[in-house]
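Before any comments, here is the structure.
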Amino acid sequence: MESADIPFSIIAETFESLERVTARTQLTVILVKLFKRTPPSVIDKVVYLIQGKLGPDWKEIPELGVGEKLLITAIAMAYKVPESKVESLYKSLGDLGSVAERLAREAEARKKSKKGAGLLAFMGGGEEELTVSKVFNTLYRVATAQGEGSRELKIKLVSGLLSDAKPLEAKYIVRFIQGKLRLGVGDATILDALAVAFGGSAQARSIIERAYNLQADLGTIARIVVEHGVDALKDVKPKVGVPIRPMLAERHNDPVEILRKVGGKGLVEYKYDGERGQIHKDGDRIYIFSRRLENITHMYPDVVDMARRGIKAEKAIVEGEIVAIDPDTMELKPFQELMKRKRKHQIHKAMREVPVAVFLFDALYVDGEDLTLKPLPERRKRLESIIIPSETWSIATNIVTSDPDELYKFFLKAIEEGAEGVMVKAIHEKSIYQAGARGWLWIKFKRDYKSEMIDTVDLVAVGGFYGRGRRGGKIGTLLMAAYDPDTDTFKTVCKVGSGFTDEDLDRMEEIFKPYIIPHKHPRVDSAIEADVWFVPAKVAEIIGAELTLSPMHTCCLGAVRPGAGISIRFPRFIRWRDDKKPEDATTTKELLEMYRRQLRKIEEQA
Ligand code: ATP
């Protein structure tokens with residue numbers, strides 16, 4: 001082992017300890033201990049191993065390509081047992097990592113009894129001790145083994161690694177390969193641990209985090225900290241080819257409040273409904289990174305071309321939204337259109353079928369200059385100065401305003417032209433680019449919140465339907481009703497099955513258990529047969545695309561048209577309104593008024 005390495009056994013033991021705790025503070029303590037004993041030259045590898053990766057996602061290191069079957073073969077080969085034994089152990093233990101651990105232990109015992117304890121001690125264990133570099137580099141070779149003979153090579157490399165591994169090491173090597181480390185360590189905990197281990201000051205955490213936000217590669221950041229100290233990170237600048245963590249927006253839907261929050265006056269831009277692209281230019285070389293910092297360059301050869309021609313600077317990092325368009329009319333198309341391109345494999349064909357345009361909204365770096373700490377107006381000026389616009393490569397449509405009415409009119413215009421709403425951005429002196437953070441310097445004001453159906457409604461859950469597939473057997477959809485004070489009954493309006501988070505769905509049984517009854521409640525007026533009926537008790541806030549007429553629902557039945565009630569198109573759950581009694585729900589009369597208002601609006605627009 002070179003002195004600048006660390007035994008892999010230390011990593012395996014650390015993983016074992018990490019698995020046993022869940023509190024972030026405890027995880028941090030364990031990591032600090034590990035980091036402090038890790039030599040600088042391998043700290044990056046240690047960080048990646050903890051993340052369960054061989055590098056940051058955007059580096060596009062190939063998948064390990066070792067499926068369960070291949071892994072079973074490699075384990076059998078390493079411990080010289082038949083595959084059937086590995087499989088049956090797998091069945092009983094339920095985890096291949098534990099299988100490898102068990103077999104490694106048995107192999108160790110066999111070896112000991114053969115050689116005799118004395119001889120083994122004399123030979124110092126008799127095996128080559130695995131180091132972090134050895135494990136990491138071998139796994140890297142496994143990942144990059146491609147083409148003919150790669151299957152055999154992968155098996156050979158993995159089984160070689162396992163036969164050198166101690167039992168605990170084997171367990172975690174196998175889990176790593178399977179992508180099942182589950183240590184519960186997020187990026188934030190790694191940042192905490194680096195700050196404690198090498199920080200030395202209270203500001204260390206924020207300095208390290210800022211550097212990470214500018215260069216989204218924790219391994220590299222860790223290495224700089226360990227080799228040169230936290231202060232060296234102050235010099236970290238955006239680097240072309242390494243993604244910057246994106247700035248995110250808060251949401252709001254009141255123009256007056258939005259303008260107040262950005263300081264009275266803001267830059268208001270169309271909020272395009274496409275995919276965010278962080279576009280890096282390094283001479284002729286272009287990289288595009290997604291919102292989640294994946295390298296998506298290969299999906300957009302047309303955007304690569306636009307960027308190559310459309311950016312005057314030699315080196316630059318700009319951001320924009322990539323949107324599907326109709327090339328004849330230049331009309332914007334919805335996100336679903338763009339998804340069609342992403343699903344296709346033949347990229348050049350997809351490019352012709354789903355043409356795109358790019359609407360640029362920020363410049364983060366230009367020819368050596370880090371712009372992220374400059375106020376937005378200055379960044380925009382830089383952006384405009386380096387862009388050569390074309391039909392499909394332009395700055396996002398915008399206005400600057402301090403007038404809420406003007407903002408609202410612009411919002412309506414944005415929607416009319418196919419945008420999702422607007423982004424309102426602060427333009428005061430402190431309007432920096434907050435990489436990796438969500439804040440009130442950017443506020444999204446989306447169509448959802450001001451759809452045709454301007455107000456949300458509060459409806460009562462009167463029945464439920466069981467889900468299918470993954471959610472089979474569990475309540476996944478609710479039958480919702482409005483209150484009719486004249487008859488003191490609840491009349492159905494819609495079935496709502498979207499808008500619930502996984503947590504909402506998981507809690508559904510628990511929430512409704514006290515209210516389940518074997519038949520429709522006497523105060524419920526429904527033409528639909530639910531799978532399960534409830535006492536009207538739980539009120540939920542619901543939004544939809546618009547109000548419609550439906551023969552299935554009893555709310556205001558016949559009031560607008562014979563045989564039809566009022567319903568909601570594309571209803572979505574927003575939240576429970578436990579502060580409301582069922583009788584406080586939106587009334588059928590209110591819904592009728594809302595429907596009439598909607599009709600008038602449509603007529604006015606026509
Ligand atoms: P978030 O990204 O805020 O977590 P999300 O993924 O649901 O939420 P949205 O709520 O649609 O995304 O809003 C943010 C996204 O809007 C940005 O990440 C960007 O892709 C897109 N966007 C469109 N137009 C603009 C614009 N003019 N300025 C900034 N972002 C824009």
Side-chain angles (χ1 to χ4, degrees), residues 58 187 213 216 243-253 258 261-262 266-279 288-294 296 299-300 303 317-325 331-339 341-342 356-364 371-372 375-377 379-380 382-384 387 389 392-401 407 410-411 413-427 431-451 498-499 501-502 543 572 574:
W58 51 266
D187 292 356
N213 287 335
I244 298 175
R245 298 183 67 221
M247 174 166 179
L248 303 174
E250 289 286 354
R251 59 175 77 191
H252 209 289
N253 61 357
I258 290 175
K261 280 192 181 288
V262 296
L267 171 72
V268 187
E269 296 170 336
Y270 279 14
K271 183 180 184 306
Y272 297 93
D273 191 11
E275 170 163 36
R276 187 172 186 153
Q278 191 178 92
I279 303 168
I288 310 172
F289 298 108
S290 71
R291 153 91 168 72
R292 301 176 50 195
L293 306 186
E294 287 152 338
I296 50 170
M299 259 177 239
Y300 296 108
V303 176
I317 303 177
V318 297
E319 273 195 323
E321 190 83 353
I322 303 169
V323 193
I325 48 144
E331 260 170 48
L332 303 173
K333 297 214 176 162
F335 178 69
Q336 289 79 343
E337 256 332 278
L338 192 68
M339 281 301 104
R341 166 180 307 209
K342 298 194 71 140
V356 298
V358 180
F359 298 94
L360 297 153
F361 53 78
D362 225 316
L364 313 182
L371 299 174
T372 57
L376 178 58
R379 302 203 303 276
R380 288 294 284 245
R382 276 310 260 148
L383 177 66
E384 279 158 32
I387 291 301
T392 54
W393 176 261
S394 59
I395 307 270
T397 306
N398 65 84
I399 55 168
V400 172
T401 187
L407 195 171
F410 191 70
F411 166 81
K413 184 167 160 255
I415 285 180
E416 213 166 283
E417 290 183 13
E420 237 191 323
V422 291
M423 276 284 193
V424 186
K425 300 180 178 178
I427 47 175
S431 56
I432 59 164
Y433 186 90
Q434 290 175 314
R438 189 184 297 286
W440 290 102
L441 289 179
W442 286 11
I443 303 176
K444 51 192 181 193
F445 173 15
K446 288 209 263 187
R447 182 198 170 98
D448 292 14
Y449 305 101
K450 287 270 173 189
S451 59
S498 65
T501 61
D502 278 359
I543 183 104
R572 233 183 42 230
I574 296 179

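Whatever order the structure lists ligands and atoms in, that order sets their numbers, starting from 1.
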- Between Val356 and Arg341, the two heavy atoms sitting closest are CG1-NH2, 3.6 Å
- Message: Looking at every heavy atom in both Ala216 and Arg245, which two are closest together, and how far apart are they?
- Response: CB-CG, 3.7 Å
- From Leu338 CG over to Ile325 CD1, what is the distance, rounded to the nearest 0.5 angstrom?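 If I round to the nearest 0.5 Å, the distance is 11.0 Å.
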- Item | Interatomic spacing from CG in Asn253 to CZ in Phe411 - rounded to 0.5 Å |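 So the gap between those two atoms works out to 8.5 Å.
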Need the ligand 1 atom indices (1-based, order shown) with element for anything under 4.0 Å from a heavy-atom of [X].
| X | answer |
| --- | --- |
| Lys446 | 9 (P), 10 (O), 11 (O) |
| Tyr270 | 24 (N), 26 (C), 27 (N) |
| Arg438 | 1 (P), 3 (O), 4 (O) |
| Leu248 | 2 (O) |
| Glu321 | 19 (C), 20 (O), 21 (C), 22 (N), 23 (C) |

- If you measure from atom 11 (O) of ligand 1 to every heavy atom of Met247, Lys444, Lys271, which option wins on shortest distance? Lys271
What part of [X] sits under 4.0 Å from ligand 1 if we count only heavy atoms: the side chain, the backbone, both or neither?
| X | answer |
| --- | --- |
| Met423 | side chain |
| Glu319 | neither |
| Lys425 | side chain |
| Glu275 | neither |
| Trp442 | side chain |

What protein heavy atom sits nearest [atom], and how far off is it?
| atom | result |
| --- | --- |
| atom 2 (O) of ligand 1 | Arg291 NE, 2.8 Å |
| atom 24 (N) of ligand 1 | Tyr272 N, 3.0 Å |
| atom 18 (O) of ligand 1 | Arg276 NH1, 3.0 Å |

- Between Asp362 and the options Arg379, Arg380, Gln278, the side-chain hydrogen bond (donor to acceptor under 3.5 Å, both in side chains) test singles out Arg379
- Contacts of type side chain to side chain contact (heavy atoms under 4.5 Å, CB included), residue Ala426, not counting sequence neighbours: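 If we apply the side chain to side chain contact (heavy atoms under 4.5 Å, CB included) test to Ala426, skipping adjacent residues, the hits are Val262, His428, Ser431, Leu441.
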- For Thr397, side chain to side chain contact (heavy atoms under 4.5 Å, CB included) partners two or more places apart: Tyr270, Tyr272, Phe410
- Looking only at atom types and distance, does a side-chain atom of Tyr433 sit under 3.5 Å from a main-chain N or O of Leu371, one as donor and one as acceptor? no
- Just by modelled atom types, is the Ala249 backbone N or O under 3.5 Å from a matching donor or acceptor in the Arg438 side chain? yes
- Message: For ligand 1, which is the ligand I care about here, please tell me if Glu269 has any N or O atom under 3.5 Å from one of the ligand's N or O atoms.
- Response: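 Min N/O separation from ligand 1 is below 3.5 Å for Glu269.
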- Task: State plainly whether the residues Glu275 and Arg291 are in salt-bridge range, i.e. N to O under 4.0 Å.
- Result: no
